[in-house]
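Since the structure comes first, as structure tokens, the remarks are kept for the end.
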Number of protein chains: 2
Amino acid sequence: MIEIGEVTVPTATVARLPFYLRALRDLAGEGVEVTSSSDLAERSGVGSAQLRKDLSYLGSFGTRGVGYDVESLSSYISSALGLGSEHRLAIVGVGNLGHALANYSGYSARGFSLVALLDADPVVVGQEAAGLEVEHVDALERVLAERQVSMVILATPGGVAQQVAERVVACGVREILCFSPVALQLPDDVVVRSVDVAGELQILAFHAAARAAQSAQSAQAVPPAV
Amino acid sequence: MIEIGEVTVPTATVARLPFYLRALRDLAGEGVEVTSSSDLAERSGVGSAQLRKDLSYLGSFGTRGVGYDVESLSSYISSALGLGSEHRLAIVGVGNLGHALANYSGYSARGFSLVALLDADPVVVGQEAAGLEVEHVDALERVLAERQVSMVILATPGGVAQQVAERVVACGVREILCFSPVALQLPDDVVVRSVDVAGELQILAFHAAARAAQSAQSAQAVPPAV
DNA sequence: TGGTGTGAAATGTTTCACAGCC
DNA sequence: GGCTGTGAAACATTTCACACCA
């Protein structure tokens, strides 16, 4: 549950807002001006009741009997997501993944600007990526302050993620996106989102194992006619 | 809720198993042989009651008054996650991100083997990455069959993700990890996990906006003495 | 004694179903 | 007539608190 202004919005709802926004932008791109909860829901991969409930936490944006105005709903969700103000972003750890994330081109279109790249490896420091020079992580405090960074993407090796995160937090950053497979121990007011590719694959593997167990079981229960 | 064999395990629990496994492997690396629910929970970033409850869905692995044997719990969770059997993996879309994912070195250590890279771009096709040659996506059906691929990582542009996913599913693949920002429409028995970097940043931006609104409000409620 | 395993309570989320409005 | 907005019900998850046992 997250409080914003007067209202409180479920965490699960917030996690879905980006999907809705994406679907709305697709619709706008197709020239559609008005949509319905069922259309928007299908494009977002959720149920229509869920979508309506989610929006109802934020306010009331549709017209009964008609639907939602694509343009105005889109800009409302954008502003709810805080995409009106600019978010200045730094990436710490410019290995394979950090490099790929630096070259991701969608930042500016979504209200983010990438303003710094940092790494500890002398081979990487000084290289250029995405129009920025990679700086040494020793200068982290200075760089974050100078560039007024408010969000950090951590793509360092797991072993140093905790210590880098602490330094980042000490600089006043309160939002971190972490790609290292570690559970960061940070003050409660710091928001950490973690993306763990290996973990996702393991979850898929669990499903695969469950499916295998399931079909083995049903094969036993209802043996195939020979 | 996921059924596996006789028991049913909450989805949320499954999503945490990789964290526990990682923490256990860290412990094993440190030479620790026995741990407690509170230690393991802290390292995994969850509460100790939650950890015990999660494990209780899978069975009963600890010793009252003592704790858990690191080695045996670790191998139990590994096998529950289906990491005993080999999972053969293909990456479709070898752009920035796909390339970075190909070079990720942790697959084999976790029971996955990367066996194919596919892309539609003639410039990329034929290049080598991670010891594999990138093949043309036209040959997708043949390659997936020949290499017995059971899991696919989709890192294509959003526009083609749906159509590629359908071809992949037609080849019998039932587990997909998708990095494209789209809601794939696929049969119910296909498990899709999505990772959306831009979406994660947007969620962080929402938290930032909530924080800003909060402090603006409290500044108004309790105006600073002048 | 100390830490697991687990019912039961509290909390959070999704789904249902329909009143209300265009 | 059709679609939104929303209480209330159903469901899922987390937390509590304590029985149980090495």
Side-chain angles (χ1 to χ4, degrees), chain A residues 1-4 6-17 19-20 23-24 27 32-70 72-74 76-77 80 183 188 203 206, chain B residues 1-4 6-17 19-20 23-24 27 32-70 72-74 76-77 80 183 188 203 206:
Chain A
M1 238 62 169
I2 303 171
E3 287 187 38
I4 179 163
E6 318 271 278
V7 294
T8 114
V9 183
T11 320
T13 293
V14 173
R16 278 186 297 267
L17 293 178
F19 293 101
Y20 302 154
L24 284 163
L27 283 165
V32 177
E33 294 186 359
V34 175
T35 185
S36 65
S37 63
S38 41
D39 177 36
L40 194 49
E42 186 179 331
R43 286 167 179 266
S44 313
V46 305
S48 67
Q50 174 128 258
L51 181 134
R52 292 200 303 279
K53 179 59 97 175
D54 282 343
L55 294 182
S56 80
Y57 290 115
L58 300 172
S60 163
F61 307 102
T63 310
R64 290 168 198 237
V66 180
Y68 301 92
D69 181 79
V70 170
S72 67
L73 182 56
S74 172
Y76 184 85
I77 294 181
D188 284 349
I203 294 170
F206 184 94
Chain B
M1 238 63 168
I2 304 172
E3 287 186 37
I4 180 163
E6 318 270 281
V7 294
T8 116
V9 183
T11 320
T13 293
V14 173
R16 279 186 297 267
L17 293 179
F19 293 100
Y20 302 154
L24 284 164
L27 282 165
V32 177
E33 293 185 0
V34 174
T35 185
S36 65
S37 63
S38 42
D39 177 36
L40 194 49
E42 187 181 329
R43 287 167 179 265
S44 312
V46 304
S48 67
Q50 174 128 257
L51 181 135
R52 291 201 304 278
K53 180 57 99 176
D54 282 343
L55 293 183
S56 80
Y57 290 115
L58 301 173
S60 164
F61 308 101
T63 310
R64 291 172 197 233
V66 180
Y68 301 93
D69 181 79
V70 170
S72 68
L73 183 56
S74 172
Y76 184 86
I77 294 181
D188 284 350
I203 294 169
F206 184 94

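Here is the naming used below: chain letters follow the sequence lines, and residue numbers restart at 1 for every chain.
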For this session: Please assess B/D39 against B/V32 for the test side chain to side chain contact (heavy atoms under 4.5 Å, CB included), listing each intermediate value before the final yes or no.
Result: CA-CA 11 Å; B/D39 177 36; B/V32 177; 5.6 Å; no
Exercise. Does the pair B/L27 and B/L40 meet the rule for a side chain to side chain contact (heavy atoms under 4.5 Å, CB included), with working shown?
Worked result: CA-CA 9 Å; B/L27 282 165; B/L40 194 49; 4.0 Å; yes
For this session: Would you please test B/L55 and B/I77 for side chain to side chain contact (heavy atoms under 4.5 Å, CB included) and show each step?
Result: CA-CA 9 Å; B/L55 293 183; B/I77 294 181; 4.2 Å; yes
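Residues satisfying the side chain to side chain donor-acceptor pair (under 3.5 Å) test with A/T11, not counting sequence neighbours, are none. Qualifying side chain to side chain donor-acceptor pair (under 3.5 Å) partners for B/T8, counting only residues two or more places apart in sequence or in other chains: none. For A/Y57, the ring-ring contact (aromatic ring centres under 6.0 Å, His included) criterion is met by no residue, not counting sequence neighbours. The side-chain contact (heavy atoms from CB on, under 4.5 Å) search around B/V34 returns B/V66, not counting sequence neighbours. Listed by chain and number, the residues in a salt bridge (charged side-chain N to carboxylate O under 4.0 Å, His left out) with A/D69 amount to none (sequence neighbours excluded). Residues that satisfy the side chain to side chain donor-acceptor pair (under 3.5 Å) test with B/S56, not counting sequence neighbours, are absent from this structure.
For A/R52 and C/dA19, the CZ to P distance is 15 Å, given to the nearest whole Å. Distance CG (B/L51) to P (C/dT4): 9 Å, rounded to an integer number of Å. If you measure from atom OH of A/Y20 to atom C1' of D/dT4, you get 14 Å, rounded to the nearest angstrom. For A/D69 and D/dC3, the CG to P distance is 16 Å, given to the nearest whole Å. Rounded to an integer number of Å, the gap from A/L40 CG to D/dG5 P is 12 Å. Between the CZ atom of A/F61 and the P atom of D/dT6 there is a distance of 10 Å, given to the nearest Å. In this entry the distance linking CE of B/M1 with P of C/dT15 reads 15 Å, nearest Å. Nucleotide D/dT13 holds its P atom 8 Å from the OH atom of B/Y57, rounded to whole Å.
Residue order along DNA chain C, read from the 5' end via each residue's closest nucleotide, puts B/G62 first among B/G62 and A/D54. Each of B/G67 and A/T11 has a nearest nucleotide on DNA chain C; the 5'-most of these lies closest to B/G67.
Contact annotation: B/Q50 does not reach the phosphate of D/dT13 (side-chain N/O to OP1 or OP2, under 4.0 Å). In this structure, A/S37 does not reach the D/dC3 phosphate: none of its side-chain N or O atoms is under 4.0 Å from OP1 or OP2. Within the structure, a side-chain polar atom (N or O) of A/Y68 is placed less than 4.0 Å from OP1 or OP2 of D/dG5. Of the side-chain N and O atoms in A/R16, one or more sit less than 4.0 angstrom from OP1 or OP2 of C/dT14. In this model, the phosphate group of C/dG3 is not approached by any side-chain N or O of B/S36 to a distance below 4.0 Å at OP1 or OP2.
Taking only side-chain atoms of A/A49, from C-beta outward, the nucleotide of D/dT4, C/dC16, C/dG5 with the closest atom is C/dC16. Here the nucleotide nearest the side chain of A/S56, chosen from D/dC18, D/dT14, D/dT6, is D/dT6.
The salt bridge (charged side-chain N to carboxylate O under 4.0 Å, His left out) analysis of residues 49-65 of chain A, with sequence neighbours excluded, yields the pairs A/R16-A/D54.
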Just the table, please: protein N/O against nucleotides 19-22 of chain D N/O, every pair under 3.5 Å.
unit_1, atom_1, unit_2, atom_2, d
D/dC20, O2, B/R64, NH1, 2.9

For nucleotides 7-11 of chain C, tabulate all protein N/O to nucleotide N/O atom pairs closer than 3.5 Å, reporting atom names and distance.
unit_1, atom_1, unit_2, atom_2, d
C/dG7, N7, B/K53, NZ, 3.3

